[in-house]
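Here is the structure we will look at, set down as structure tokens.
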Amino acid sequence: MTNQTIKLSQVYETANYYYSTSDFYCAEAIIKTVRDTFEIDISDQIITLATGSSKGISHAGCTCIAISGIVMALGMVFDRTDTMDADVSYTLDLAQKLHDRFCSHHPLPCHHISIRDLDPNLNTHTQQCIHFTCEIACEITRIICRDKNISIIDNIN
């Protein structure tokens, strides 16, 4: 991971680009955005881990997969490879905090509930998912920057 200064507006734009161009779904876009932003030395193969979970776990709609993207991106940054590694508690705590923050701003982390009142003909579902993706990519970036003492030069809500 590189020591650098991060522009949250660029993180937002990158996540937006990866999702809105239909190159990636939410979790994939979050993982790729975090990987690219922090120049993490890991193959693009990491993105494939999120592919099957896209669209609420392949249209099942059980979970907002942007939240799964958080969990995967946290594991990518705050990783463990040894069993019973003490750092796992820290990563789990961060995942819980991100989940709780998401739920404090949105009804539930259930894909079906978050889209049930949206008109699919107006593309509002896609727009909401893009917004969630960008919001979450920025929030995890804030956490990584705080933990790794990396400066943020702009801040967006």
Side-chain angles (χ1 to χ4, degrees), residues 1-57 63-111 114 125-157:
M1 183 175 309
T2 183
N3 279 331
Q4 58 191 4
T5 301
I6 301 293
K7 287 183 72 173
L8 278 182
S9 57
Q10 183 63 45
V11 171
Y12 190 97
E13 290 171 22
T14 300
N16 183 48
Y17 173 78
Y18 286 148
Y19 193 110
S20 65
T21 59
S22 298
D23 286 343
F24 296 104
Y25 289 116
C26 50
E28 296 165 322
I30 290 167
I31 291 168
K32 184 156 176 59
T33 299
V34 169
R35 202 278 318 256
D36 292 355
T37 298
F38 294 100
E39 300 174 5
I40 298 169
D41 187 22
I42 192 167
S43 162
D44 268 345
Q45 232 11 68
I46 192 75
I47 299 162
T48 64
L49 295 175
T51 301
S53 65
S54 300
K55 294 192 170 253
I57 306 177
T63 304
C64 174
I65 299 307
I67 293 175
S68 294
I70 290 172
V71 174
M72 289 183 250
L74 282 171
M76 187 171 57
V77 174
F78 303 102
D79 59 343
R80 74 170 181 157
T81 54
D82 296 324
T83 60
M84 303 308 290
D85 187 325
D87 290 339
V88 72
S89 295
Y90 183 68
T91 305
L92 291 172
D93 185 52
L94 288 176
Q96 170 100 38
K97 287 177 182 174
L98 280 164
H99 172 271
D100 292 349
R101 184 185 185 288
F102 180 87
C103 291
S104 73
H105 290 90
H106 307 291
L108 286 172
C110 172
H111 190 258
S114 71
H125 168 216
T126 300
Q127 291 306 311
Q128 177 177 273
C129 289
I130 291 170
H131 171 74
F132 286 174
T133 298
C134 297
E135 174 188 331
I136 289 169
C138 288
E139 187 59 28
I140 192 169
T141 297
R142 284 185 190 98
I143 287 171
I144 295 167
C145 287
R146 184 173 55 241
D147 188 84
K148 304 292 184 186
N149 294 317
I150 298 172
S151 298
I152 297 174
I153 59 172
D154 65 347
N155 208 348
I156 58 176
N157 293 327

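Ile47 contributes atom CD1, which lies 7.0 Å from atom CG of Asp36 (distance to the nearest 0.5 angstrom). Residue Ile140 holds its CD1 atom at 10.5 Å from OG1 of Thr33, rounded to the nearest 0.5 Å. Distance CD/Gln96 to CG/Asp93: 7.5 Å, rounded to 0.5 Å. Atoms CG and CZ, from Asp147 and Arg142 in turn, are 15.5 Å apart once rounded to the nearest 0.5 Å. Atom CG of residue Leu94 and atom CZ of residue Arg146 lie 8.0 Å apart, to the nearest 0.5 angstrom. Here CE of Met72 is found 9.0 Å from CD of Glu28. Values are rounded to the nearest 0.5 Å.
Across every non-hydrogen atom of Ala73 and Ile31, the tightest pair is N-CG1, 4.3 Å. Heavy atoms only, all atoms of each residue included: Asp154 and Ile152 are closest at O-CG2, 2.7 Å. Taking each heavy atom of Gln4 and Ile6 in turn, the nearest pair found is NE2-CD1, 3.1 Å. When all heavy atoms are compared, the tightest approach of Cys26 to Tyr19 is N-CE1, 3.1 Å. Ala15 and Ala29 get closest at one heavy-atom pair: O-CB, 4.2 Å.
Phe24 places none of its side-chain heavy atoms less than 4.5 Å from the side chain of Thr133. The side-chain heavy atoms of Arg35 and Asp44, taken from C-beta on, include a pair separated by under 4.5 Å. Side-chain contact between Tyr12 and Lys7 is absent, with no heavy atoms from C-beta onward closer than 4.5 Å. Using a 4.5 Å heavy-atom cutoff, the side chains of Lys148 and Val77 are in contact. Asp23 is listed as a side-chain neighbour of Tyr17, based on a closest heavy-atom distance under 4.5 Å. Residues Glu135 and Arg101 have side chains in contact (heavy-atom distance under 4.5 Å, counting atoms from C-beta outward).
Residue pairs meeting the ring pair (Phe, Tyr, Trp, His ring centres under 6.0 Å) criterion with at least one partner in residues 66-86, sequence neighbours excluded, are Phe78-Tyr90.
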> Should Phe38 and Thr141 be marked as a side-chain contact (heavy atoms from CB on, under 4.5 Å) after you check the CA-CA gap, both sets of side-chain angles, and the distance that decides it?
Replying inline: CA-CA 9 Å; Phe38 294 100; Thr141 297; 3.7 Å; yes
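Side-chain N/O atoms of Glu13 and Ser9 include no donor and acceptor closer than 3.5 Å.
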